[in-house]
There are 2 protein chains.
Amino acid sequence: MTDVSMNAKKSEHMVVVGAGLVGSLWALMLAQRGHRVDVYERRPDPRTGSVKGGRSINLALSDRGWRALEKAGIAQKVRQIALPIEGRLMHAQDGALTFQRYGLPEATGLHGDPQCIYSVSRANLNRLLVEAAEAHAGVEFHFGHKCADVDLSKNVLELESPEGSSVLVQYDRLFGTDGAFSAVRNRLTRTDRFDFEQRYLEHGYKEVAMQPDALGAFKMQKDALHIWPRGEFMLMALPNPDGTFTCTLFAPYAGANGLDQLVDPADALVYFEKNFPDILPLIPDLTAQWATNPVSSLVMTRCYPWHHGDNVCLMGDAAHAIVPFYGQGMNSGMEDCSILSELLDKMNSPQDWDQTLSAYTAARKPAGDAILELALRNYIEMRDKTGDPQFLLQKRIEAKLAKTFPGRWLPLYSQVTFSHTPYQEALAAGVLHDRVMAEILAKPDIEETWDSDAVAESAMNALEHIQKSA
Amino acid sequence: MTDVSMNAKKSEHMVVVGAGLVGSLWALMLAQRGHRVDVYERRPDPRTGSVKGGRSINLALSDRGWRALEKAGIAQKVRQIALPIEGRLMHAQDGALTFQRYGLPEATGLHGDPQCIYSVSRANLNRLLVEAAEAHAGVEFHFGHKCADVDLSKNVLELESPEGSSVLVQYDRLFGTDGAFSAVRNRLTRTDRFDFEQRYLEHGYKEVAMQPDALGAFKMQKDALHIWPRGEFMLMALPNPDGTFTCTLFAPYAGANGLDQLVDPADALVYFEKNFPDILPLIPDLTAQWATNPVSSLVMTRCYPWHHGDNVCLMGDAAHAIVPFYGQGMNSGMEDCSILSELLDKMNSPQDWDQTLSAYTAARKPAGDAILELALRNYIEMRDKTGDPQFLLQKRIEAKLAKTFPGRWLPLYSQVTFSHTPYQEALAAGVLHDRVMAEILAKPDIEETWDSDAVAESAMNALEHIQKSA
């Protein structure tokens with residue numbers, strides 16, 4: 001037995017492909033376990049050049065992400081570059097504003113803040129994570145290295161160096177954290193009985209930046225995610241810590257309101273005048289940006305299993321790329337890290353990698369499928385329902401229920417954003433909540449009585465009735 | 001206008017990747033249109049070595065396949081190597097036999113035969129098609145050439161020659177007929193907004209051969225596809241023109257009846273003794289074959305679109321790999337050829353390839369999705385329902401309806417196998433038929449009255465009622 005427990009501490013050569021948010025965090029966590037870690041990344045070092053390429057430049061960190069950052073001991077550092085966002089601010093066609101808090105009013109959030117989400121710059125967070133990992137003994141980053149293939153039978157990663165020469169790297173374990181178009185996963189799709197799907201949304205997006213005012217201050221309310229819900233399309237604006245907003249139009253490619261109609265910046269100007277008149281004066285260089293910035297597509301991927309044998313594992317977008325509408329892409333990838341790390345904590349013998357990776361797939365695959373589904377539904381919610389008084393009333397009733405029955409009615413948004421409940425359980429609870437709320441909202445006098453204890457009790461009774469009969 | 005119609009006859013350099021059944025047929029059809037055609041195939045020439053590798057060795061040709069072969073002028077040649085199969089013969093656990101005719105009793109089939117399907121050897125048919133294409137001026141086959149990549153911007157196919165050197169081929173149009181794991185399609189999956197899915201059935205299969213008797217004759221009824229339906233698994237036997245039967249066990253990998261339990265040939269013997277006692281004496285070398293033959297998996301693929309711009313097109317399994325249970329994998333691939341050929345017949349100008357390929361995707365994608373669904377359903381039908389008296393009664397009633405109301409009630413199997421109705425329309429009709437038959441089979445005295453005119457009329461009325469209210 002002594003041998004086994006000594007082996008359990010054995011240092012291995014871990015190879016991570018992809019130095020994005022998930023890859024650099026995972027490299028740090030592996031190093032903290034005492035392993036030697038090499039990270040290979042196709043792009044140049046994010047600390048030298050300007051890294052872009054059609055990717056969203058800010059992201060929303062929420063509890064699942066923070067938990068992984070806590071486990072890696074860098075949450076406090078990240079908090080310093082993160083901007084709290086306390087709710088959604090809806091901009092109606094006539095300019096009327098409606099604020100809807102994300103958190104429950106009396107709940108305590110992280111870092112002594114109210115319950116909220118945090119805007120971070122992807123590039124800044126990536127740099128911080130790379131530096132934190134690189135500062136750890138035994139971690140080395142290799143930028144400009146493209147994964148060419150993986151020899152799964154010999155445990156050899158084949159790379160192309162920045163000079164174009166071939167580099168072979170022997171690994172003990174290989175982690176594919178190389179995003180939605182993962183080369184590691186592409187190798188696994190050529191193994192027997194590996195399921196894979198990539199599906200594009202028939203909607204795309206285009207980003208434009210809103211600069212701060214002359215004094216360097218935010219031009220709009222800075223602790224809110226702004227939404228202009230317009231039915232089949234929407235504009236969104238998320239503040240960055242530097243005083244700018246990243247504004248994103250999400251719309252179908254085809255049709256009267258489609259991106260295909262907006263190739264000419266002059267057409268985009270007319271579209272903004274018509275649909276988002278209040279933001280137009282705040283982005284004076286809209287047409288110039290429109291002419292330059294690309295239209296980007298939105299891909300979703302699913303695969304199964306998320307591992308191969310006892311030594312290859314997919315994490316983050318490489319295993320489960322989703323649409324961005326729940327702000328959970330990065331958070332779910334970081335949750336992969338904390339959950340795999342917890343499974344490794346429980347592993348007694350280095351012989352158990354096979355079981356551990358199987359347990360990881362078993363735990364995370366249903367979660368990945370559920371957050372993909374939730375993110376798709378949230379697009380419809382954001383672009384269509386957040387402008388609907390019935391929907392806003394439902395949110396108010398749910399907040400009241402959460403307050404009246406703590407722990408017994410946790411709204412779906414809270415479960416996804418402020419809890420560690422597996423996504424598939426949150427999704428299932430959300431379906432039940434919707435059934436109950438359909439009943440409650442059908443009451444003829446609901447607009448007057450919604451705040452009453454009688455309505456709250458009738459909702460809770462209905463929920464318990466459904467739960468019992470299920 | 002003269003220029004345009006002259007251009008329409010312009011010979012182009014057509015490159016086909018994959019010299020399987022669809023690729024070699026399509027090469028022939030392209031050559032018949034006056035084009036120069038080069039066909040590149042990863043495997044060696046099927047006329048020299050033994051071509052195998054876990055693929056089913058016989059296949060069932062039905063009307064959709066014949067139509068394409070007719071259009072290419074080689075149906076008569078193929079008929080000479082094809083064996084008519086007139087129906088299913090079900091083997092019950094106790095050895096009882098039930099025959100169920102595929103065609104409608106009075107319908108006339110092809111080639112002067114009764115309405116039936118035709119067993120062909122994959123290898124023989126492939127050789128025949130390659131020879132027919134190669135005999136045509138302007139067609140050249142290049143075996144042992146592996147597709148390495150496609151440069152979509154320069155219209156260049158990159159191949160690896162049998163000697164391992166790189167070969168670049170400029171194409172006017174490129175056709176990917178390279179099967180379920182198509183390299184051409186893999187290149188398209190890396191283009192923006194290309195959807196792709198590969199999914200494995202949780203069931204696999206293993207083939208064993210039954211040799212002819214001492215006189216060279218078939219050991220079982222030769223004009224039938226034999227089925228041993230056993231619920232979640234089944235054995236199937238399809239005769240070959242040479243007197244052998246190809247016997248295939250389809251079963252889940254996992255579970256009590258699963259292939260994972262049958263690795264040891266001795267366990268397979270016990271399994272056959274228990275489940276298929278009547279066939280065991282006919283395959284005396286079962287355990288020897290079991291030890292040698294591989295277990296193969298069953299993959300399905302879907303993608304969208306089936307073309308790229310005006311010069312790349314996917315056909316056959318490269319676009320839509322399905323499970324084999326409806327005998328439509330090859331037939332649907334050949335139907336791709338006849339339908340694309342018909343679209344090209346209608347094309348007036350060589351500038352219209354873009355439109356023609358879009359029309360091909362629009363016509364064939366719903367058909368591919370439908371036959372995938374139909375093939376999955378037919379697995380359940382074959383392994384589970386063909387042993388069920390209710391199901392057999394339904395088939396008898398449907399045959400009666402087809403006879404009583406010609407053209408108004410064509411059973412699903414007939415629509416798929418003996419018609420050119422688009423698969424998606426056949427699937428939709430099948431759903432309606434099942435609704436009607438559920439009503440009819442629920443009649444308390446149906447086992448006595450099924451053959452009456454009253455029952456037939458009530459079924460037809462129910463169908464028309466559903467069709468009207470839809």
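Just so it is clear: chains get the letters A, B, ... in the order the sequence lines come, proteins before strands, and each one is counted from 1.
- Taking every heavy atom of both residues into account, Asp195(B) and Tyr200(A) meet most closely at OD1-N, 2.7 Å.
- Using a 4.5 Å heavy-atom cutoff, the side chains of Arg193(B) and Tyr253(A) are in contact.
- Surrounding CZ of Phe143(A) are more than 12 heavy atoms belonging to other residues, nucleotides or ligands, all under 6.0 Å away.
- Surrounding NZ of Lys365(B) are more than 12 heavy atoms belonging to other residues, nucleotides or ligands, all under 6.0 Å away.
- Residue Phe196(B) touches chain A through both its backbone and its side chain, counting heavy-atom pairs closer than 4.5 Å.
- Contact tally against chain A (heavy-atom pairs below 4.5 Å) for Asp192(B), Asn186(B), Leu298(B), Leu201(B): the top residue is Asp192(B).
- Here the options are Arg302(B), Glu197(B), Arg199(B), the test is side chain to side chain contact (heavy atoms under 4.5 Å, CB included), and the partner is Glu197(A); only Glu197(B) passes.
- Heavy-atom distances place no part of Thr301(B) under 4.5 Å from chain A, backbone and side chain included.
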